[in-house]
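Here is the structure we will look at, set down as structure tokens.
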There are 2 protein chains.
Amino acid sequence: MRRRILESAKKLFLDLGYEKTSIRGIAEDIEYSPATIYLYFKDKNELLFALHQEAFVEFAKTFVKVAHIADPFERLITLGREYLAFAFANPELYELMFLLTAPMEALEIREDVWEDGRSVYMALEMLIAECQAAGHFKGADVQQLSMMIWATVHGLVTIQLRKRCTMFDENERDSRIQGGLDSLIRMLESY
Amino acid sequence: MRRRILESAKKLFLDLGYEKTSIRGIAEDIEYSPATIYLYFKDKNELLFALHQEAFVEFAKTFVKVAHIADPFERLITLGREYLAFAFANPELYELMFLLTAPMEALEIREDVWEDGRSVYMALEMLIAECQAAGHFKGADVQQLSMMIWATVHGLVTIQLRKRCTMFDENERDSRIQGGLDSLIRMLESY
DNA sequence: AAATATAATGAACAGTGTTTAGTAAATTAT
DNA sequence: ATAATTTACTAAACACTGTTCATTATATTT
């Protein structure tokens with residue numbers, strides 16, 4: 001039953017977005033009463049946290065996708081592109097993972113560590129360390145550089161998802177965002 | 001009256017955060033009925049859009065604060081630091097400006113251009129063009145670089161505000177974020 | 001003074017997340 | 001086989017949110 005709820009929630013969330021996905025909507029979709037949801041999930045935040053975890057499973061495939069690339073720097077660049085591609089192909093999943101407050105509130109109540117975020121971030125740090133070992137980023141602090149790289153791609157996605165590139169014409173927004181990524185790549189190349 | 005509503009809304013929003021600020025709460029604070037709010041604002045989104053505009057007035061002081069710095073590159077670096085400082089000193093204002101969906105929805109209904117965002121972004125672009133004219137960022141595309149720089153600082157703020165640096169110990173989060181900014185500055189210095 | 005405009009409201013509507021006492025069905029114990 | 005217990009589910013209600021609208025009181029104009 002828990003599975004059914006999650007599948008319905010995911011479907012509605014992807015179709016309608018976060019704000020339009022209600023407990024009642026999910027209950028109606030699975031043809032149960034709203035109170036039934038609470039037999040399986042403590043509250044809505046917990047439900048969204050479960051979806052957040054599932055989104056990370058999907059997202060992890062991005063890392064798998066680039067794993068075959070032998071050169072660490074090439075892998076990093078491709079990962080950056082794949083990160084943006086994933087975010088724009090799955091905006092709702094990206095919101096669940098990195099923007100919505102609900103999942104992190106659920107985690108905070110539990111006083112649990114954010115294992116999904118930690119493991120993905122550590123993978124990024126290790127990749128950047130690998131690049132450095134291969135001769136890139138001379139003299140850079142891996143931790144700082146990792147944060148900077150993540151912040152940049154995350155910022156690009158966020159600016160787009162939360163509609164903060166509307167100062168540009170519609171036909172120019174994508175190229176502006178991609179241009180930001182290109183600029184990052186160029187800087188990393190010349191580091 | 002419109003002023004009173006805005007002041008109350010701002011106060012409650014800063015005190016309680018976005019999710020806890022309701023039309024009824026504002027109405028109670030000014031001792032009027034909730035329906036009165038709608039005599040002055042079309043809906044909640046419009047109210048939040050008005051606050052969004054006020055937040056930009058505050059934010060613009062960040063630019064004024066660095067304007068006296070003669071060297072454009074120094075000005076840019078200081079602006080970056082002030083950007084983060086502003087965001088962390090005024091998280092709710094930053095949310096209104098750059099994260100919440102409500103203000104942009106109000107703008108979209110109106111089919112208006114995002115003048116606040118545009119003017120601030122253009123100021124950034126001009127500052128970066130000025131740096132380039134002074135000899136920095138050789139060969140860089142100003143538009144791309146501007147987007148990249150904004151995305152980075154915005155990403156850093158967003159990671160913090162939306163609690164996505166909880167994979168780090170609490171006593172290390174600030175230094176990780178600041179480290180990301182330091183990394184950006186270092187890269188800009190060596191560009 | 002009468003007519004009109006303005007400012008404000010009580011009540012209600014539609015919707016949201018959540019809780020709880022109760023019920024029906026399934027399972028276990030006697 | 002019957003009684004007791006457990007499990008799965010729900011109808012109803014609560015507290016709250018954003019919003020609308022017919023109505024009323026007050027101010028202004030004719």
Side-chain angles (χ1 to χ4, degrees), chain A residues 1-54 92 95-96 99-110 163, chain B residues 1-54 92 95-96 99-110 163:
Chain A
M1 175 54 109
R2 189 178 157 97
R3 181 78 247 146
R4 285 181 66 182
I5 295 169
L6 280 176
E7 278 171 2
S8 170
K10 188 172 180 182
K11 184 183 76 176
L12 291 188
F13 187 67
L14 296 190
D15 287 349
L16 307 176
Y18 168 69
E19 288 180 3
K20 298 262 176 73
T21 301
S22 65
I23 295 283
R24 283 176 170 81
I26 296 163
E28 191 181 320
D29 187 55
I30 61 175
E31 296 178 330
Y32 275 80
S33 112
T36 302
I37 311 285
Y38 295 89
L39 297 179
Y40 298 89
F41 295 91
K42 178 176 155 247
D43 55 21
K44 192 175 181 183
N45 282 358
E46 282 287 328
L47 174 54
L48 289 171
F49 179 67
L51 285 183
H52 163 102
Q53 289 184 308
E54 296 207 357
E92 298 82 14
E95 289 261 353
L96 275 163
L99 282 172
L100 296 182
T101 55
M104 305 317 279
E105 278 170 9
L107 204 54
E108 197 169 350
I109 299 268
R110 295 172 172 207
K163 299 205 175 96
Chain B
M1 174 55 110
R2 187 177 160 100
R3 182 76 246 148
R4 285 180 66 183
I5 295 169
L6 280 175
E7 278 170 3
S8 169
K10 189 171 178 182
K11 185 183 74 175
L12 291 188
F13 187 66
L14 295 191
D15 288 349
L16 307 177
Y18 167 69
E19 288 181 6
K20 297 262 176 69
T21 301
S22 66
I23 296 283
R24 283 176 169 82
I26 297 162
E28 191 179 319
D29 187 57
I30 61 175
E31 296 177 329
Y32 276 80
S33 113
T36 303
I37 311 285
Y38 295 90
L39 298 178
Y40 298 88
F41 295 90
K42 179 175 155 244
D43 56 19
K44 193 176 180 181
N45 281 0
E46 283 287 328
L47 174 55
L48 290 171
F49 179 67
L51 285 183
H52 163 102
Q53 288 184 307
E54 296 207 357
E92 297 81 15
E95 289 262 352
L96 276 164
L99 281 172
L100 295 182
T101 55
M104 306 315 281
E105 277 169 10
L107 203 55
E108 196 168 350
I109 300 269
R110 294 173 173 207
K163 300 206 172 91

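Proteins get letters first, then strands, A, B, ... in listed order; numbering begins at 1 in each.
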Exercise for review: For A:Phe49 and A:Glu105, run side chain to side chain contact (heavy atoms under 4.5 Å, CB included): C-alpha distance rounded to whole Å, both residues' side-chain angles, the deciding distance at 0.1 Å, then the answer.
Suggested key: CA-CA 9 Å; A:Phe49 179 67; A:Glu105 278 170 9; over 6 Å; no
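- One atom, CD1 of A:Ile30, and another, C1' of D:dC9, lie 11 Å apart when rounded to the nearest Å.
- Put simply, CD1 on B:Ile37 is 13 Å from P on D:dT17, counting in whole angstrom units.
- Comparing A:Arg24 and A:Leu39 by the nucleotide of DNA chain D that holds the closest heavy atom to each, the one mapping nearer the 5' end is A:Leu39.
- Between the NZ atom of B:Lys44 and the C1' atom of D:dT20 there is a distance of 17 Å, given to the nearest Å.
- In this structure, the separation between NZ on A:Lys163 and CG on B:Leu100 is 13.0 Å, given to the nearest 0.5 Å.
- Both cation-pi conditions hold for A:Lys44 and A:Tyr18: the charged atom is under 6.0 angstrom from the six-membered ring centre and inside a 45 degree cone around its axis.
- Put simply, A:Tyr40 has a side-chain N or O that comes within less than 4.0 Å of OP1 or OP2 on D:dC9.
- Listed nucleotides C:dT9, D:dC9, C:dT18 differ in distance to A:Ile23; the shortest reach to its side chain belongs to C:dT18.
- In this structure, A:Glu19 and A:Ala35 both approach DNA chain C, and ranking their closest nucleotides by distance from the 5' end singles out A:Glu19.
- Look at CD on B:Glu31: it is 11 Å from P on C:dT9, rounded to the nearest Å.
- Straight-line distance from the CD atom of A:Glu28 to the P atom of C:dG17: 13 Å, rounded to whole Å.
- What separates OH of B:Tyr38 from C1' of C:dA11 is a distance of 15 Å, to the nearest Å.
- Protein atom CD1 of B:Ile5 is 9 Å distant from nucleotide atom P of C:dA8, rounded to whole Å.
- Among the atoms of the strands shown, none is found under 4.0 Å from any heavy atom of B:Phe41.
- Between A:Ser22 and C:dT16, a side-chain N or O to OP1/OP2 separation shorter than 4.0 Å is present.
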- Give the intermediate values and the outcome of side chain to side chain contact (heavy atoms under 4.5 Å, CB included) for residues B:Met104 and B:His52. CA-CA 9 Å; B:Met104 306 315 281; B:His52 163 102; 4.0 Å; yes
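- With respect to the salt-bridge test (charged N to carboxylate O, under 4.0 angstrom), the residues A:Arg3 and A:Glu7 qualify.
- The CG atom of B:Asp43 sits 14 Å away from the C1' atom of D:dT17 (whole-angstrom rounding).
- One finds no side-chain N or O of A:Thr36 lying less than 4.0 angstrom from the OP1 or OP2 phosphate oxygen of D:dC9.
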